[in-house]
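See structure below.
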Amino acid sequence: SVLIYGDSQAGITGSALQKVLQGQGHTVKRVSKAGYGVAKLLATAKSLNLAATPWDHVYLFAGGNDKVANLPALRQLIDYFKPAPVTYVVLPPATLITNLTLAAKMWGKPKITPAHFFPETAARREKVAAAYIDAALQTDTAIVFDVRDPLWPDAVKQPSGVVFPSQPDGIHIGPEMSKAVAPILAGKVGDTGVPVGLLIGVAAGVVAAFLLWRRGKG
């Protein structure tokens, strides 16, 4: 059985992931707590006794609601599910908003611009993401999936400098991209951790491939 747990991204990308995993024959439980930071997710997981089930794999979507990284809480949350392997899905970057009507409804503001999350929110998210990646790698049961890593075909350079496809509301990965991410994430079931050196090597390979792609486009 597989658990998908976390903040609102567990409701969006997590929903697409659940469909793929169920199609593969997995029994899936999904718990999404919109607006929750890592510390509150930890407390909620304990109150719901989520670790009582011997999960084959846990997908954790967390960090997007933290203004400052809470490193002990993330490590404790990952360790809470031991011995189950945990795929930590890093919070997505802030992007230019492509659907202003949706964003206005989402954030409760009648007037909103495509660059609403720049520069302060975007910079903060990148700082938090980097810190949480390091924290997750310090555990012995987590692998890290950073949505910034794949070479998305429609990626553009965001005002923050991150190369990533612009998303409908500027913060969450939208439904279409979630459908593309879900099969990649589903392939993580059975992984029991990746050495830090290998992750660095993969990241270096991604960067090199991207540079070659950019050179070919120039």
Side-chain angles (χ1 to χ4, degrees), residues 6-14 16-17 20 59-69 74 87-100 102-103 106-107 112-137 142-188 191 194 196-218:
D7 54 27
S8 55
Q9 199 65 64
I12 303 173
T13 303
L17 173 60
V20 173
Y59 288 92
L60 177 61
F61 295 81
N65 297 301
D66 291 322
K67 292 184 178 180
V68 178
L74 181 67
T87 294
Y88 171 53
V89 185
V90 184
L91 59 142
T95 76
L96 293 174
I97 296 169
T98 61
N99 188 329
L100 294 177
L102 171 66
M106 180 73 70
W107 312 121
I112 200 165
T113 67
H116 175 76
F117 293 108
F118 299 94
E120 292 85 0
T121 301
R124 184 180 72 237
R125 287 177 76 87
E126 293 312 297
K127 186 176 181 180
V128 169
Y132 277 156
I133 288 171
D134 289 342
L137 291 175
I143 59 175
V144 174
F145 180 80
D146 188 348
V147 293
R148 297 159 180 77
D149 287 347
L151 298 179
W152 304 109
D154 54 349
V156 296
K157 188 174 183 179
Q158 301 294 336
S160 63
V162 176
V163 177
F164 196 76
S166 296
Q167 296 301 302
D169 68 11
I171 289 292
H172 298 99
I173 294 177
E176 291 305 314
M177 190 166 168
S178 290
K179 291 178 182 178
V181 170
I184 302 173
L185 285 171
K188 300 295 183 182
D191 288 353
V194 180
V196 175
L198 178 57
L199 283 169
I200 293 174
V202 170
V206 169
V207 172
F210 175 70
L211 291 175
L212 287 173
W213 176 80
R214 286 291 299 272
R215 188 178 301 171
K217 297 285 286 186

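Values in this document were obtained by computation on a predicted structure and should not be read as measured data.
By the 30° and 60° cut-offs, the orientation of the rings of W152 relative to F164 is perpendicular.
Residue L100 holds its CG atom at 11.0 Å from NE2 of H116, rounded to the nearest 0.5 Å. Expressed to the nearest 0.5 Å, how far CG of N99 lies from CE of M106 amounts to 9.5 Å. Atoms CG and NZ, from L17 and K188 in turn, are 12.0 Å apart once rounded to the nearest 0.5 Å. Annotation: the span from R124 atom CZ to F117 atom CZ amounts to 9.5 Å, rounded to 0.5 Å. Atom NZ of residue K127 and atom NZ of residue K67 lie 14.5 Å apart, to the nearest 0.5 angstrom.
Judged by distance alone, the side chain of Q158 and the main-chain N or O of T95 form no donor-acceptor pair under 3.5 Å.
Nearest approach of D169 to W107, heavy atoms of both residues: O-NE1, 3.3 Å. Across Y88 and A62, no two heavy atoms sit closer than the pair OH-O, 2.8 Å. Between D66 and V128 the shortest heavy-atom distance is O-CG2, 3.6 Å. Across all non-hydrogen atoms, the minimal contact from P92 to R148 is C-NH2, 3.6 Å. Between R125 and A94 the shortest heavy-atom distance is NE-N, 3.9 Å. In terms of heavy atoms, I97 sits closest to P168 at CG2-O, 3.1 Å.
For the pair S166/D154, no side-chain contact is recorded, criterion being any heavy-atom separation below 4.5 Å from C-beta on.
Exactly one of V89, T87, L74, D7 qualifies for a side-chain contact (heavy atoms from CB on, under 4.5 Å) with L60. That residue is L74.
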